[in-house]
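Taking it in order: structure first as structure tokens, then the write-up.
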Amino acid sequence: MSTPYPFTAIVGQDDLRLGLLLNAVSPAVGGVLVRGEKGTAKSTAVRALAALMPEVSVVPGCRFSCDPGVPDPACPDGPHGGVTGVSRAARTVELPVGASEDRLVGALDIERALSEGVKAFEPGLLADAHRGILYVDEVNLLHDHLVDLLLDAAAMGASYVEREGVSVRHAARFLLVGTMNPEEGELRPQLLDRFGLTVEVAASRDTDQRVDVVRRRLAHDDDPVAFAARWADEESALRERIVAARALLPRVVLGDGVLRQIAATCAAFEVDGMRADIVMARTATALAAWAGREEVLAEDVRQAALLALPHRRRRNPFDAPGLDEDKLDDTLREAAEDRNDGEGEGDNDPDPDGPHPDGPGDGGDNGGGGGVPPQADGSDTPGPAHEGSTDAPGRSAGAEQQPVASAEPFRTKMLSVPGLGEGAAGRRSRARTEHGRTTGSRRPQGALTKLHLAATVQAAAPHQHARGRSGRGLVVRRDDLRQATREGREGNLVLFVVDASGSMAARQRMSAVKGAVLSLLLDAYQRRDKVGLVTFRGKDAEVALPPTSSVDAAAARLESLPTGGRTPLAAGLLKAHDVLRVERLRDPSRRPLLVVVTDGRATGGPEPVALAGRAGRLHRSEGTASVVMDCESGIVRLGLAAQLARDLGGTAVTLDELRADSIAGLVKDVTTAGRAA
């Protein structure tokens with residue numbers, strides 16, 4: 001077994017270490033989500049935490065880690081009674097992103113359940129993680145069906161495995177720790193809210209700190225055992241402090257004044273639900289115990305807010321996480337003053353829960369908290385990117401113009417790829433999936449996961465006499481089992497090809513176009529799609545954003561998009577073709593949806609319109625589903641976008657038709673040339 005990197009040897013990352021330690025002191029805080037760029041010791045810190053966790057007492061031989069003092073009455077290995085427990089280290093169980101449902105919740109032997117009535121159950125990772133740590137690296141890439149199972153287990157403290165009426169239940173209470181790189185996509189709001197705390201990590205820009213990181217990492221890699229021995233005393237001292245804080249925790253007093261500050265803070269920042277209030281209260285209590293105090297102070301409430309609220313304030317994936325710390329200080333101060341006013345003028349004692357003038361976290365607002373992506377000039381103020389910019393009618397189409405802010409996003413009608421796919425689970429196009437409505441049955445390929453009971457009985461029934469059936473039970477063999485085939489929804493690759501040329505550069509027009517694309521990006525986030533962005537202007541096209549799960553990265557690129565120059569439409573379509581060709585090799589099961597945002601005009605080079613038509617027909621020949629967002633405006637319309645849609649074998653829609661509340665009709669499935677009847 002490899003020697004883990006010592007927790008106390010981690011350089012910097014104070015918020016990360018504090019968030020993990022608070023959960024070690026009080027698991028009721030609810031876990032921690034670690035967000036940050038790659039190479040910032042996220043996984044190292046989580047794995048190092050396991051060595052600091054106090055040991056747990058378990059029932060000998062119980063696969064579900066039952067506590068001998070209060071054993072689970074429904075434990076599949078039970079009942080347990082009058083047994084002496086044994087101590088072992090708390091487990092850290094890692095959930096791979098590509099894990100199957102059976103690997104997470106456990107597997108039930110359906111054949112034995114049907115023929116013998118025996119619940120032969122093989123525990124999964126949720127059972128292994130009970131009373132320990134469940135660690136999910138790259139949690140934002142976890143498949144939706146696994147996320148649903150995690151949500152259920154985290155909410156109920158138990159895991160249920162059901163197969164055609166046969167069910168097994170066992171306790172599953174664990175400390176949930178997830179790490180993620182926001183560049184690869186955001187978490188579903190439901191799972192995001194399940195994490196008690198969130199911390200943002202980034203690589204230090206201090207030269208001395210970076211030198212220490214490299215020196216310690218090299219020393220550990222050269223001789224892990226010797227390196228761990230050098231930090232053994234610090235590790236032991238930290239472990240003892242965790243034990244002492246746990247012992248002190250029940251005696252910590254959470255006064256009414258502090259509770260009012262917590263409630264006022266959550267109300268001021270408009271967080272949804274009451275979970276934030278509860279998590280803040282538990283976090284503030286853990287902070288007091290960690291500091292060796294029996295009373296929660298205002299500084300604990302402030303620190304708890306910085307850890308528990310940023311990820312609960314996001315209303316959509318384009319909102320930047322974070323808190324306005326000036327607003328936080330004002331809220332805490334006002335809540336303390338209200339309390340003092342309510343106590344009367346005769347009380348001159350200093351308020352122990354008052355704001356701390358020199359509290360932690362004076363490093364400024366890292367998140368901004370605004371719902372508008374930053375402008376190209378670095379300003380967080382919504383509106384035009386530059387106040388003094390003008391759009392004179394006579395302005396040259398060849399001159400580059402500054403980016404404009406997008407209009408407000410709106411709810412769009414759904415665009416989907418025709419046919420039946422087999423891509424990653426999502427919410428856009430029809431597909432054969434592991435979850436959804438049952439459409440038929442087949443022989444299982446590998447382990448049976450979803451039994452089709454009627455088809456199984458039908459397959460076994462003709463053989464009962466030959467198999468010597470004598471009792472009421474059905475004699476079932478492996479060959480009789482049938483897997484249910486299901487139809488659900490898949491996520492697609494939505495590739496945007498955006499015209500940024502001079503013909504699109506009118507300020508109000510481009511703002512509306514950006515708002516429409518932003519609306520489609522929000523729709524892609526909700527439907528679990530990958531997105532990519534190709535832009536064209538001047539003489540060529542470029543891949544502004546390679547296909548990714550991070551729609552907020554696409555939104556940021558869109559906001560900073562400059563306009564101007566000629567319209568190389570064919571170059572944009574050919575660049576999109578190259579992107580899709582590479583993606584088909586990387587992920588052949590994920591079907592693409594091409595969204596071309598243009599007025600259809602093409603300039604530059606010989607016969608630019610005809611060249612664009614040939615590029616469109618190239619996509620059509622490969623069966624790429626497509627839609628053209630027609631941005632043409634004015635009284636005189638040339639209909640070039642509609643012609644491009646015909647060349648692509650797709651559909652043309654206007655901005656008004658794209659709105660979900662529009663009375664104009666819009667076909668959901670984007671037609672393609674050569675579509676099977």
Side-chain angles (χ1 to χ4, degrees), residues 1-5 7 16 19-34 41-67 71-72 75-77 85-108 121-143 145-161 168-180 187 191 194-197 239 242:
M1 182 176 178
S2 60
T3 303
Y5 193 90
F7 191 88
L16 169 60
L20 292 172
L21 289 172
L22 291 177
N23 276 275
V25 171
S26 176
V29 166
V32 59
L33 173 65
V34 186
K42 300 188 298 292
S43 300
T44 299
V46 175
R47 295 187 177 104
L49 178 67
L52 302 175
M53 296 290 287
E55 292 187 340
V56 294
S57 178
V58 299
V59 173
C62 178
R63 298 174 297 168
F64 302 88
S65 303
C66 278
D67 186 343
D72 181 8
C75 177
D77 285 355
V86 295
S87 295
R88 64 160 174 79
R91 292 173 178 162
T92 296
V93 178
E94 294 194 30
L95 172 61
V97 170
S100 66
E101 180 179 334
D102 284 347
R103 184 72 186 98
L104 178 61
V105 300
L108 190 63
F121 181 68
E122 184 65 29
L125 295 177
L126 289 180
D128 293 340
H130 179 48
R131 304 177 65 200
I133 301 172
L134 181 62
Y135 170 47
V136 190
D137 193 14
E138 305 293 351
V139 64
N140 50 324
L141 303 182
L142 200 63
H143 290 302
H145 68 284
L146 297 183
V147 170
D148 292 335
L149 294 169
L150 273 181
L151 291 176
D152 290 341
M156 297 183 295
S159 174
Y160 291 85
V161 183
V168 173
R169 173 208 171 277
H170 65 83
R173 292 182 296 274
F174 46 81
L175 170 60
L176 181 61
V177 180
T179 58
M180 60 173 284
L187 274 176
L191 183 57
R194 290 295 179 185
F195 286 98
L197 311 179
R239 192 179 299 109
I242 292 174

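Reckoned from all heavy atoms, side chains included, excluding hydrogens, waters and symmetry mates.
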side-chain contact (heavy atoms from CB on, under 4.5 Å) assessment of Asp137 paired with Val97 | CA-CA 7 Å; Asp137 193 14; Val97 170; 6.0 Å; no

Do you know which two heavy atoms are closest between Phe195 and Gly178, and how far apart they sit?
-> CE2-N, 3.5 Å

What heavy-atom pair brings Ala90 and Pro54 nearest, and what distance separates the two atoms?
-> CB-O, 3.9 Å

The reported gap from CG in Leu49 to OH in Tyr135 (rounded to nearest 0.5 angstrom) is 11.5 Å

Kindly determine whether Val139 and Leu176 satisfy side-chain contact (heavy atoms from CB on, under 4.5 Å), including the steps that lead there.
-> CA-CA 11 Å; Val139 64; Leu176 181 61; over 6 Å; no

Worked check of side-chain contact (heavy atoms from CB on, under 4.5 Å) between Leu20 and Leu52 = CA-CA 10 Å; Leu20 292 172; Leu52 302 175; over 6 Å; no

Measure across Val56 and Ala89 and return the closest heavy-atom pair with its distance rounded to 0.1 Å.
-> CG2-O, 4.5 Å

Who pairs with Arg239 by salt bridge (charged side-chain N to carboxylate O under 4.0 Å, His left out), at least two apart in sequence or on another chain?
-> none

Kindly indicate whether the side chain of Leu134, heavy atoms from C-beta on, has any atom under 4.5 Å from the side chain of Leu150.
-> yes

Report the distance from atom OG of Ser43 to atom CD of Glu138, rounding to the nearest 0.5 Å.
-> 7.5 Å

Min side-chain heavy-atom separation Pro96-Arg103 under 4.5 Å = no

The reported gap from CG in Leu175 to CD1 in Ile133 (rounded to nearest 0.5 angstrom) is 5.0 Å

Distance, nearest 0.5 Å, that separates CZ of Phe174 from OG of Ser159 | 8.5 Å

Heavy-atom closest pair (Ser87 atom, Glu55 atom, distance to 0.1 Å) is CB-OE1, 3.6 Å

Evaluate the criterion side-chain contact (heavy atoms from CB on, under 4.5 Å) for residue pair His130 and Asp72; output intermediate values, then yes/no.
-> CA-CA 12 Å; His130 179 48; Asp72 181 8; over 6 Å; no

Rounded to the nearest 0.5 Å, what's the gap from OG1 on Thr92 to CZ on Arg47? Could you check?
-> 9.5 Å

Which heavy atom of Ala45 sits nearest a heavy atom of Leu16, and at what distance?
-> CB-CD2, 3.7 Å

Separation between CG of Leu125 and CG of Asp102, rounded to the nearest 0.5 Å | 11.0 Å

Among all residues two or more places apart in sequence or in another chain, which pass the salt bridge (charged side-chain N to carboxylate O under 4.0 Å, His left out) test with Asp77?
-> Arg63

All heavy atoms of Leu149 vs all of Glu101, minimum pair found to be CD1-CG, 3.5 Å

Considering only heavy atoms from C-beta outward, does the side chain of Pro27 approach that of Arg173 to under 4.5 Å?
-> no

Given Val177, which of Val32, Leu33, Asn23, Leu197 fulfils the side chain to side chain contact (heavy atoms under 4.5 Å, CB included) condition?
-> Val32

